[in-house]
Amino acid sequence: MLYSRYFIPTIKETPSDAEVISHQLMLRAGMIRKLASGIYNYLPLGLRSIRKFESIVREEMNKADAIEMLMPSVQPAELWQESGRWAFYGKELLRFKDRKDAEFCMGPTHEEVITDMVRREIKSYRQMPLNFYQIQTKFRDEIRPRFGLMRGREFIMKDAYSFDVDSSAADLSYEKMFNAYMRIFERCGLNFRAVEADTGSIGGSSSHEFMVLADSGEDAIVSCDACRYAANVEKAESSLFTAVCGTVAEPLQKVSTPEMKTIAEVAAFLNVTADKTIKTLVYASDAGDLVMALLRGDHELNELKLKNYLGWDEIQMASEEQILACTGSPVGFLGPIGLKQDVPVIADRVIQGMTNVVLGANEKDQHYINANRGRDFEVSGFVDIRAVEAGDACPRCQSGKLEMWRGIEVGHVFKLGTKYSKALNATYLDANGREQVIFMGCYGIGIGRTVAAAIEQNHDENGIIFPVPIAPFHCSVVAVNTKDAGVMAAAEEIYFCLEKLGVEVLFDDRDERPGVKFKDNDLIGIPLRIVVGSKGLAEGKVELKIRSTGEVLPLLLDDVATTVKQLIDAALAHKL
RNA sequence: CGGUGAGUAGCGCAGCCUGGUAGCGCACCUGCCUUGGGAGCAGGGGGUCGCUGGUUCGAUUCCAGUCUCACCGACCA
């Protein structure tokens with residue numbers, strides 16, 4: 001490809017509305033341009049990287065026996081009403097009507113469509129297992145799109161759906177996809193973790209997220225430094241069960257704690273450590289139901305764990321009025337003793353062993369000391385509702401410690417069970433001629449997001465440093481002075497040789513000063529660069545610069561093409 | 001939807017407080033010069049100041065409304 005005939009509109013200055021590095025660099029490198037909030041044009045260079053990643057995904061999906069197809073992005077409302085998600089999905093689902101007033105939506109995901117196809121076509125256990133995938137544009141009307149391709153409203157996604165005769169066969173399909181995902185992200189040279197995850201609005205029994213580690217990631221994850229356990233903090237189990245307080249029950253006593261509202265203030269005032277106190281939180285559902293949550297004073301609540309335990313759709317901290325009605329006390333002095341309303345009291349498991357604790361007296365400026373469960377208050381259940389912290393013991397192996405990371409969710413695999421097949425009545429006849437419900441799994445990869453995540457993880461002050469497998473070009477050839485006929489002839493020669501060898505090469509033949517070309521080539525992140533200048537040429541030499549290390553190798557004119565070819569092949573093979 | 005901030009040339013911004021018909025850097029066009037890290041000189045083109053209404057002799061500037069965008073919270077590939 002000739003640079004002068006191609007289209008790479010680079011930008012020298014950082015656009016002011018781009019917050020994260022991948023967004024800034026994709027704009028500056030001329031890979032994407034914004035059309036509307038969360039909606040982007042993929043310019044030629046950006047599309048090349050995306051296509052590269054797509055073909056890696058295709059290869060691995062095909063290898064894992066998934067079959068490619070393509071579904072429409074416009075979907076009829078009836079299917080969504082049938083699955084129950086038309087009402088449940090909310091405003092994120094972009095809905096509209098056609099000229100006949102029939103309702104449609106832009107597909108945010110395709111469980112309904114694929115299940116509808118399968119229920120029409122699959123009749124027998126003999127036809128399974130089956131796994132269909134597509135690479136297609138999705139639309140989710142996100143409330144707050146941000147970070148460029150990282151969270152767009154319109155985005156390219158690979159989604160796959162598996163269909164099996166029973167749960168254990170579905171587990172096998174899940175495992176195949178899981179392994180394919182591992183290979184996909186390994187091939188891209190990404191530093192990532194597969195973590196246990198919450199299933200969210202897709203539903204199902206269990207799931208794993210694939211997280212590219214990056215400080216700008218929107219998710220927090222933990223992983224064990226000794227075993228393979230890793231989880232989204234939303235999901236991560238707390239390993240703490242043990243109590244830390246004394247065992248002889250002292251008499252309950254109310255003490256004055258003027259203006260002492262936070263755990264830290266109360267603990268300091270009463271001269272105890274925070275782990276001898278109990279933190280009381282009140283949460284409300286959108287229906288107005290209340291629940292009281294108890295945690296050890298130095299612990300934090302994981303709202304999602306509480307929400308999942310309660311089975312609520314929404315959870316939020318109760319309002320001051322709700323709290324006053326329930327406890328008779330302002331925030332800061334809450335506790336489970338002497339409640340005005342009968343609300344369930346959910347205690348973290350750690351509470352079970354605590355004795356002689358400090359907690360709020362449900363009265364302004366008053367706390368209890370030496371409170372004991374059973375004698376002074378009761379709880380309706382002990383549940384793991386605590387947010388894990390870095391340094392916690394691993395809940396699996398117990399010998400390891402949990403490390404905490406930020407991550408970008410690039411892939412997510414779900415065991416759906418029969419959630420959609422039941423709702424849409426997707427059944428088959430088993431060997432005994434009995435009707436059975438199909439077991440499903442679904443598997444997503446954010447295509448654009450993965451490319452963005454790769455940039456997030458591979459860049460320096462000069463721009464992008466693409467991993468070879470998803471680089472838009474493998475190599476660039478820079479002619480230092482285009483007016484020098486010798487330089488141009490040599491550069492052209494190298495360009496043709498590389499093309500002949502199947503190397504994807506960008507020939508920077510522009511009549512620009514060398515500095516401009518170097519800056520642009522660095523910015524767009526081409527892994528290898530050959531510089532052809534008159535000085536080196538006089539000795540029959542050119543330079544090969546490696547973008548990732550900055551290493552510069554002087555090479556003889558005759559050796560360049562084969563050396564580059566070898567380096568590229570090695571880089572691609574290394575990831576397989 | 002709630003909270004914050006911003007809309008002035010393709011991009012990044014100033015001007016607005018104190019109203020008088022718009023400016024800087026980069027980019028773009030022409031010419032000269034230059035060719036190993038975003039050069040230099042000279043000349044030039046481009047803006048209904050987001051939109052609507054109000055106040056005023058006069059509004060980019062003041063007021064009201066509205067739209068869009070970004071950032072902070074719940075969703076998610």
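Side chains are part of it too, since the values below use all heavy atoms of this structure and drop only hydrogens, waters and symmetry mates. In the text below, chain A, chain B and the rest are named by the order of the sequence lines, each starting its count at 1.
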K.L.:
In whole angstrom, give me the gap between the P atoms of B:G23 and B:G15.
P.N.:
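Between the two P atoms, the distance is 16 Å.
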
K.L.:
For RNA chain B, find the residues of residues 20-46 of chain A with a heavy-atom distance under 4.0 Å and give them by number; none if there aren't any.
P.N.:
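Nucleic-acid contacts, sorted: A:Arg28, A:Lys34, A:Ser37.
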
K.L.:
Listed by chain and number, what are the salt bridge (charged side-chain N to carboxylate O under 4.0 Å, His left out) partners of A:Arg146, not counting sequence neighbours?
P.N.:
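Applying salt bridge (charged side-chain N to carboxylate O under 4.0 Å, His left out) to A:Arg146 gives A:Glu218.
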
K.L.:
Write down the distance separating the C1' atoms in B:A59 and B:U52, rounded off to the nearest Å.
P.N.:
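These two C1' atoms come out 14 Å apart once rounded.
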
K.L.:
Regarding B:G25, can its base be found pairing with the side chain of A:Glu13 as donor and acceptor, where the two atoms are less than 3.5 Å apart?
P.N.:
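Present.
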
K.L.:
A:Arg140 side chain: which of B:U34, B:C76, B:G36 is closest?
P.N.:
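Looking only at side-chain atoms, A:Arg140 lies closest to B:C76.
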
K.L.:
Tell me whether the side-chain N or O atoms of A:Lys545 pair up with the base of B:G37 as donor and acceptor below 3.5 Å, since no angle test is needed here.
P.N.:
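Per atom types, the contact qualifies.
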
K.L.:
Is there, by distance only and without an angle test, a donor paired with an acceptor across the side chain of A:Asn462 and the base of B:G37 below 3.5 Å?
P.N.:
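There is none.
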
K.L.:
Quick one: look up who B:G58 pairs with, Watson-Crick or G-U, both distances under 3.5 Å, and put none if it's unpaired.
P.N.:
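Paired with no nucleotide.
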
K.L.:
So, does the side chain of A:Arg529 form a donor-acceptor pair with the base of B:G36 at under 3.5 Å?
P.N.:
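Such a pair does not exist between side chain and base.
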
K.L.:
Could you check whether the side chain of A:Arg153 and the base of B:C76 have a donor-acceptor pair of N or O atoms closer than 3.5 Å, going by distance alone?
P.N.:
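No pair found.
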
K.L.:
At 4.0 Å (heavy atoms only), tell me whether A:Asp219 reaches a base, stays on the sugar-phosphate, or touches nothing.
P.N.:
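The answer is base, as A:Asp219 lies within the cut-off (heavy atoms under 4.0 Å) of a base atom.
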
K.L.:
Rounded to whole angstrom, note down the P distance from B:G47 over to B:U60.
P.N.:
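So the two P atoms sit 16 Å from each other.
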
K.L.:
Tell me, please, which residues at least two apart from A:Glu237 pass side-chain contact (heavy atoms from CB on, under 4.5 Å).
P.N.:
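Per chain and number, A:Glu237 pairs via side-chain contact (heavy atoms from CB on, under 4.5 Å) with A:Glu196, A:Tyr229, A:Asp384, A:Pro395, A:Arg396.
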
